[in-house]
Amino acid sequence: MQTIHEKVTTLINYFLILYIFLLPFNIHFSTTILNIIVLLYLFSGQIKEKLLFALKHRVFQSILLFFVMYILWSLNSEQIDTMLWKLKTYKYLFYSIIFLTIIQDPFKDKLKNAFLLAIFISEVTSLFMFTDFTIPFIHITGYGKYVPFFYTYSQYSLLIIIAIGLSLYELTTKSSNLKKAPYLILFLISTFTIFILDSKSSYILYFITVFIVLYQSFQINKKIILLFISSVIIINTLAFTYSSTFHKRITNIYKQLHLAINNNEYAGSTGSRIGMNLIGFQLFLQKPFIGHGTQEHIDLAIKTIEDLNVSKQQKDNLLVFRNPMSPGMQTLHNEYLDHLIQFGLVGFFILLNIFYSLYKSRIPDLQWKSLNSILLINFMLYMFVNYFFVLNQLGTIFLVLISLTITTYYNSVQRNIKE
């Protein structure tokens, strides 16, 4: 018979299922669920042991070091208000304590499937939007074409890529066709949705993710490589031919790259990112080891761009990140570059240490190893073209999913009992 603490722990895991399901739809409502989880956690028992486990866990240690870095480097910053806003936003990082110490093995598949169901519902809504069909009872809150709920298409497409990886893994490992059916539907709908969205980076992440899953499922051989290359060619050809969005994006990428490389003209989103990266790298070289200080990189970048000897139109395109109404959300659209300018190489390695600790953590079995690889590679590549940590909705989803793949408190307890 379960003790009261065990019943509370079970209840929290069920609330976590509801939480990860609602999180992709509405950050505010899901926050209410999270507050309930935090309250219940206080009554789950063994709090001292759980906190000690988290403090000794290399993943949480890397997160804590990252948070402390922001505080210490603020001593060399004049952007105190923005820095405090960011630290307040980053409080979600400490929810990793709960995820690391409360998730139990029997609930891991349920949590994963709750996330996949949420993405599936979002994608079906995207398809309705694609066909101009209005769903009366669904309130569209997303920003971007065919984005129903998430803040931007780039964040939404990243989560779809994760769903593609998970569904493809299930397809390649499940023995029963009946069990494969829902994952096949999800994989096909996810693939279609990716190619109607406006995210350029997702096209690359799609094929990388497919390759990762095939590699881990079959241990790549010549036949699989040939199949993969053929699939890439066929899917790209079909998408370029029949998806106007994909065709337009690929054509624009080529044009903007050509202008940036040959004419030093930073037109469009691709051109502006190239320009911002060049300017950001120059700022990094000014203080390569310790950086300029927390949140100092934006004002420095703005001043550098304004002093450039280029047309007003080019300056405006490079200054697309400027947002006086929400200074904490301003970014050079490269998380690594943002950190290099603010914290130098020291802070850059503190950032990489988070992902290294996740990579080196003990992983229970192949299923979660595959998810760990999909998450790490996709999020790390995503950060080359966008910000990440300030997006608490996306960041929390990452923390929950990554907690499924590494050793948690209950894994440790069970292992000690067996020993």
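Counting begins at 1 with the first residue of the sequence.
- Atom CG in L351 sits 9.5 Å away from atom CZ in F343 (nearest 0.5 Å).
- S62 and S357 form a side-chain donor-acceptor contact under 3.5 Å, judged by distance and modelled atom types alone.
- Side chain of N277 to main chain of R273: a donor-acceptor pair is present (N/O by atom type, distance under 3.5 Å, no hydrogens or angles).
- The shortest side-chain heavy-atom distance between F284 and Y336 does not fall under the 4.5 Å cut-off.
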Step by step, would you call F388 with F379 a ring-ring contact (aromatic ring centres under 6.0 Å, His included)?
CA-CA 8 Å; F388 170 56; F379 275 88; 5.1 Å; yes
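- Although no hydrogens or angles enter the test, the distance criterion places no donor-acceptor pair under 3.5 Å between the side chain of Y92 and the main chain of L399.
- A donor and an acceptor atom, one from each side chain of Y156 and T193, are nowhere located under 3.5 Å apart.
- The backbone N or O of L127 lies less than 3.5 Å from a partner atom in the side chain of T131, making a donor-acceptor pair.
- Looking only at side-chain heavy atoms (C-beta outward), L64 and F94 come within less than 4.5 Å of each other.
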Side chain to side chain contact (heavy atoms under 4.5 Å, CB included) between I279 and L308, worked out
CA-CA 10 Å; I279 290 164; L308 288 176; 3.8 Å; yes
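- The environment of OH in Y359 is sparse: at most 12 heavy-atom neighbours from other residues, nucleotides or ligands sit within 6.0 Å.
- The existence of a salt bridge linking K312 and E306 is excluded, since no basic side-chain nitrogen approaches an acidic carboxylate oxygen closer than 4.0 Å.
- The pair E296-K287 does not meet the salt-bridge criterion, since no charged nitrogen lies less than 4.0 angstrom from a carboxylate oxygen.
- Nearest approach of L318 to I305, heavy atoms of both residues: O-CD1, 3.7 Å.
- Side-chain contact between K145 and Y153: absent, with no pair of heavy atoms (C-beta onward) separated by less than 4.5 Å.
- Under a cutoff of 6.0 Å and an axis angle of 45°, K110 and F107 form a cation-pi pair.
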What's the verdict on side chain to side chain contact (heavy atoms under 4.5 Å, CB included) for L340 and F281, showing C-alpha distance, side-chain angles and the deciding distance?
CA-CA 8 Å; L340 280 168; F281 190 70; 5.9 Å; no
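- Separation of atoms CD1 (I12) and CD1 (I103) is listed at 11.0 Å; rounding is to 0.5 Å.
- In summary, the side chains of T331 and D338 do present a donor paired with an acceptor at a separation below 3.5 Å, with no hydrogens or angles considered.
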For N334 and M383: C-alpha separation, side-chain torsions, deciding distance, then whether side chain to side chain contact (heavy atoms under 4.5 Å, CB included) applies.
CA-CA 6 Å; N334 184 327; M383 285 165 56; over 6 Å; no
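- Using a 3.5 Å distance cut-off with no hydrogens or angles, the side chains of S44 and K50 do pair a donor with an acceptor.
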Q295 vs Y70, test: side chain to side chain donor-acceptor pair (under 3.5 Å). Steps then yes/no.
CA-CA 9 Å; Q295 204 57 31; Y70 260 84; 5.8 Å; no
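- For CG of L188, the number of neighbouring non-hydrogen atoms (other residues, nucleotides, ligands) closer than 6.0 Å is greater than 12.
- Donor-acceptor pairing under 3.5 Å is recorded for the side chains of N113 and Y183.
- Inter-residue side-chain proximity for V390 and Y387 is flagged as met; some heavy-atom pair is nearer than 4.5 Å.
- No side-chain heavy atom of N392 sits less than 4.5 Å from a side-chain heavy atom of Y90.
- S361 places no side-chain N or O within 3.5 Å of a backbone atom of I406 that could act as its donor or acceptor partner.
- Looking only at side-chain heavy atoms (C-beta outward), L358 and F398 come within less than 4.5 Å of each other.
- Side-chain atoms of S126 and E123 form no donor-acceptor pair, as typed in the model, at a separation below 3.5 Å.
- For the pair Q79 and T294, the minimum side-chain heavy-atom distance is 4.5 Å or more.
- The CZ atom of F384 sits 12.5 Å away from atom OG of S201, with the distance rounded to the nearest 0.5 Å.
- For E49, the CD atom sits in a packed shell: over 12 heavy atoms of surrounding residues, nucleotides or ligands are nearer than 6.0 Å.
- In this structure, a donor-acceptor pair under 3.5 Å is absent between the side chains of Y95 and T396.
- The structure places CG of N26 at 11.0 Å from CZ of F150, a figure rounded to the nearest 0.5 Å.
- D299 has no carboxylate O lying under 4.0 Å from a charged side-chain N of K303, or vice versa, which leaves the two without a salt bridge.
- With 3.5 Å as the limit, one finds a donor-acceptor pair spanning the side chains of T101 and Y41.
- Cation-pi geometry between K48 and F53 is not met at under 6.0 angstrom from the ring centre and within 45 degrees of the axis.
- Between the side chain of Q393 and the backbone N or O of L23 there is at least one donor-acceptor pair closer than 3.5 Å.
- With W73 contributing its side chain and G291 its backbone, the two residues share no donor-acceptor pair below 3.5 Å.
- Considering only heavy atoms from C-beta on, M69 stays 4.5 Å or farther from L65 through its side chain.
- Between atom CD1 of residue I374 and atom CG of residue L205 there is a gap of 12.0 Å, rounded to the nearest 0.5 Å.
- No side-chain donor-acceptor contact under 3.5 Å links Y382 and E335.
- Interatomic distance, CD of Q330 versus CG of L319, reported as 10.0 Å (0.5 Å rounding).
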Verify side chain to side chain contact (heavy atoms under 4.5 Å, CB included) between L100 and T407, making sure each step is shown before the conclusion.
CA-CA 8 Å; L100 285 171; T407 301; over 6 Å; no
